[in-house]
Amino acid sequence: MSQSLPSDPVITPAIVAEHGLSPEEYQVVLDGLGRAPTWPELGVFSVMWSEHCSYKSSRIHLKRLPTTGPRVVIGPGENAGVVDIGDGLCVCFKMESHNHPSYIEPYQGAATGVGGILRDVFTMGARPVALMDSLRFGRLDHPKTRSLVHGVVAGIGGYGNCMGIPTVGGETRFDESYDGNNLVNAFCAGIVHRDRIFLGTVGDAGNKVFYVGAGTGRDGIHGATMASASFDDDSDEKRPTVQVGDPFQEKLLLEACLELMSMDVLVGIQDMGAAGLTSSSVEMAGRAGAGLLLALDQVPTRERDMTPYELLLSESQERMLLVIKPGHEAKVFEVFEKWDLRCAEVGTVTGDGVWRCTWHGTEVAAIPVPILTDAAPKYDRPRVARPASPPVPALPPVDRSAALLRLLADPDVSDKRWIWRQYDHQVGTDTEIGPGLDAALLRVKGTAKHLAFVADSNGHHVYANPRVGTAGQVAECVRNLACVGADPIGLTDCMNFGNPRKPEVMWEFSESVDGMAEACRELGVPVVSGNVSLYNETGDSSILPTPGLAMVGLWEGAAPRLRGRWTAGRAVALIGGEGTHLGASLFIRAMHGLRKTGDAPPVDFDRERALGAALRRLVREGLVEVAHDLGDGGLAVALAECALDVGGQFDVATSDTALFGEDHGRAIVAYDPAREAEVFAACAGLPVRHLGATGGERLEVADIKVPVAALREAWGDTFPRWVDG
């Protein structure tokens with residue numbers, strides 16, 4: 001039986017509640033152990049049974065997602081998903097949230113979010129090749145927004161740049177629902193040989209457990225528990241639960257781990273992320289159906305007098321847990337000494353299925369692993385549908401030229417170059433298309449393969465109709481990849497929602513999962529990894545439901561010659577039909593103040609499949625100079641984004657829906673007029689219409705007539721002026 005140390009606090013109902021455990025959950029602890037937990041054990045249950053680690057409110061829903069496919073090598077459940085790209089190579093990728101830490105301490109919260117997702121990928125044996133981010137902030141006039149933007153962007157850029165990993169894409173949006181709870185979702189992808197993939201397991205009894213990397217400090221203690229609670233007026237006091245990152249240490253750790261992986265010494269490896277040493281060791285043991293014995297007094301520290309409780313719950317960064325094949329211990333010490341990193345043997349794999357910890361020979365924790373994993377709470381929480389959003393009313397007329405400039409200046413549309421210019425998106429020399437187009441494109445060195453990456457989400461569409469809105473975002477990601485010639489091969493998600501104890505929030509979540517599942521099945525995109533972030537609210541104010549999506553695409557052949565802006569003398573065509581839908585659109589929010597109004601635009605999967613095939617053919621055969629899908633602001637905004645160098649004259653119906661509707665399944669292309677027959681032939685079976693030609697100093701679309709210089713000013717100057725104050 002484990003023992004409490006004399007200095008440990010007495011466990012009371014109030015302390016149990018402070019650890020995020022309900023009375024019913026604590027009773028399960030008592031029944032499972034057959035006794036009261038020790039102080040370290042209480043901390044372990046607190047983090048392992050938190051929303052962040054156990055997914056107790058979301059697991060039953062996530063099982064409905066399609067997670068298999070002919071290319072899928074490893075799906076959800078490991079540190080990251082792995083998809084085969086041929087010739088013995090795989091791409092490994094995942095997206096995760098660091099929302100709460102990034103609100104409390106923006107720089108370190110965002111930086112350590114990048115550090116954590118990098119470790120998730122190189123833990124699998126993959127060398128990271130690309131980063132992306134999906135960011136949400138509050139209103140521009142909110143007193144905290146500017147400082148949050150500065151801190152988060154600096155943290156992302158600082159960590160990724162120091163690691164030498166290009167940040168190749170991302171997206172940033174603003175809304176009042178994020179005033180008190182910004183979102184920071186980080187994505188990483190890496191390349192790994194199929195026969196060199198490593199898993200988080202422990203193997204047979206007798207294998208040795210090693211701790212490597214940075215020393216353990218008191219930063220990040222109860223970070224997982226903090227990430228599983230809503231914000232309140234005292235949230236700033238949670239600053240000590242935010243980890244502190246060191247990208248230079250992580251660079252050493254990455255190289256040391258990859259070097260060790262090239263040798264035949266590793267049984268398993270796991271990142272110490274949320275819940276630190278506790279979650280990494282428990283998860284590794286749980287996957288193998290084994291037990292572990294950890295000697296906590298052997299754990300390297302960087303602060304004095306740390307207790308077993310602190311060592312188990314610390315979320316200090318840049319640390320890994322390794323399980324080594326017998327007889328190879330000396331090689332581990334040699335590699336990590338070479339890279340000037342700490343390395344310590346801290347435990348042994350056992351065959352009794354019990355997770356044990358000792359402190360100078362005294363047992364301070366002894367928990368059967370299944371109690372922490374299989375017996376973790378799993379809830380089918382009540383779900384109640386929200387009333388439908390009111391329909392879009394009859395709209396008064398607006399000056400559409402002024403409306404276009406207003407939409408281009410909107411923070412959801414305007415140029416975010418200020419953000420991505422702080423990221424090195426060319427390091428590694430493989431970036432072929434960086435930030436600014438529909439998707440990023442990277443070559444795979446030594447091959448004719450190209451990987452495409454896109455991150456996208458639209459909380460307004462998802463709020464209007466969680467199922468249809470989420471399906472639409474999956475479809476948009478597929479279109480974005482098609483605009484650079486790539487087939488979709490896998491998706492990772494970061495499900496950002498409010499308090500799961502609210503039936504309306506759980507309804508949003510469940511419906512969103514079903515929309516994602518339907519769209520992924522229809523479009524042939526498996527979900528191979530992901531993350532759930534709940535309790536994103538402050539007081540009673542919840543964020544918009546925001547399923548952050550990141551999709552990876554693949555194609556082989558010569559790199560496409562694409563531009564984000566057309567040149568003069570090109571023809572432009574609209575593929576996919578006219579705009580008809582203004583519900584939940586940027587136009588009605590920005591021009592009429594109608595937030596949370598109207599339904600999300602529907603998705604026609606037959607049209608999406610046909611459009612994707614047409615766009616891929618057009619790009620791969622070099623038939624188009626520009627390929628751009630229609631999203632926020634509809635056709636008028638898409639044309640304006642392509643006309644920032646050269647104007648054009650286009651025949652479009654003079655109506656708000658035709659100009660600003662956000663219908664799915666549409667794209668515009670610019671091409672040599674002499675090849676129009678080939679372009680139209682590639683679009684056989686789809687509505688396709690010649691809109692006009694490029695040239696001149698003005699953009700003319702229906703009754704819109706705006707100088708190109710005015711477009712550039714509205715789109716390009718608004719965000720930098722705001723962010724620089």
Side-chain angles (χ1 to χ4, degrees), residues 69 71-72 80-87 89-95 121 126 128-134 165-171 187-191 420 423 425-426 428-445 447-457 473-493 520 523-529 548-564 608-609 611-622 624 626-629 631 667 669:
R71 290 186 179 273
V72 177
V82 180
V83 177
D84 195 311
I85 60 173
D87 300 320
L89 295 175
C90 297
V91 58
C92 172
F93 57 95
K94 191 179 184 183
M95 191 179 200
V121 167
V129 297
L131 292 165
M132 291 193 296
D133 54 68
S134 177
I165 313 298
T167 301
V168 298
E171 48 120 25
F187 166 92
C188 180
I191 303 294
W420 56 258
Y423 307 153
H425 53 276
Q426 293 290 347
T429 70
D430 293 325
T431 305
E432 295 168 311
I433 296 175
L437 270 69
D438 286 62
L441 197 71
L442 273 72
R443 66 173 179 166
V444 179
K445 273 192 174 78
T447 76
K449 303 178 193 299
H450 309 266
L451 290 172
F453 304 101
V454 64
D456 206 355
S457 183
Q473 298 319 296
V474 174
E476 180 162 0
C477 285
V478 173
R479 294 196 303 273
N480 291 149
L481 296 180
C483 284
V484 298
D487 288 295
I489 60 172
L491 180 143
T492 181
D493 62 73
C520 286
L523 300 174
V525 189
V527 180
V528 300
S529 59
L549 307 181
M551 195 176 287
V552 178
L554 172 70
W555 78 293
E556 296 193 44
R561 296 182 177 179
L562 292 169
R563 300 171 54 89
E608 295 289 352
R609 283 188 289 267
L611 178 62
L615 288 169
R616 287 188 288 272
R617 178 180 171 185
L618 290 168
V619 171
R620 292 175 179 181
E621 295 182 7
V624 296
V626 171
H628 185 26
D629 95 306
V669 291

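When a residue number appears, it is its place in the shown sequence, counting from 1.
Val552 places none of its side-chain heavy atoms less than 4.5 Å from the side chain of Thr492. Contact check for Val91 versus Leu554: no side-chain heavy atoms found under the 4.5 Å cut-off.
To the nearest 0.5 Å, atom CE of residue Met551 and atom CG of residue Asp493 are 10.5 Å apart. In this structure, CG on Asp456 lies 5.0 Å from CD on Glu171, to the nearest 0.5 angstrom. Residue Phe93 holds its CZ atom at 14.5 Å from CG of Leu131, rounded to the nearest 0.5 Å. The distance from atom CG of Leu611 to atom CZ of Arg616, rounded to the nearest 0.5 Å, is 9.0 Å.
Exactly one residue among Leu441, Val484, Val626 makes a side chain to side chain contact (heavy atoms under 4.5 Å, CB included) with Leu562. That residue is Val484.
Considering all non-hydrogen atoms of both residues, Val525 and Val478 come closest at CG2-CG2, 4.1 Å. Contact between Cys520 and Leu491 at its shortest, heavy atoms only, is SG-CD1, 4.3 Å. Shown here for Arg71 and Ile85, the closest heavy-atom pair between the two residues is NH1-CA, 3.6 Å. When every heavy atom of Ala559 is checked against every heavy atom of Glu432, the shortest pair comes out as CB-OE2, 3.4 Å. Listed here is the closest heavy atom pair of Leu523 and Ala475: CD1-CA, 3.8 Å. Scanning both residues, Leu549 and Met95, for their nearest heavy atoms gives C-SD, 4.2 Å.
A donor-acceptor contact shorter than 3.5 Å links the side chain of His450 to the backbone of Gly557.
Between Asp430 and Lys445, at least one side-chain N (NZ, or NE/NH1/NH2) sits under 4.0 Å from a carboxylate O, which counts as a salt bridge.
Pairs engaging residues 555-564 under the side chain to side chain donor-acceptor pair (under 3.5 Å) rule: Lys449-Glu556 [sequence neighbours left out].
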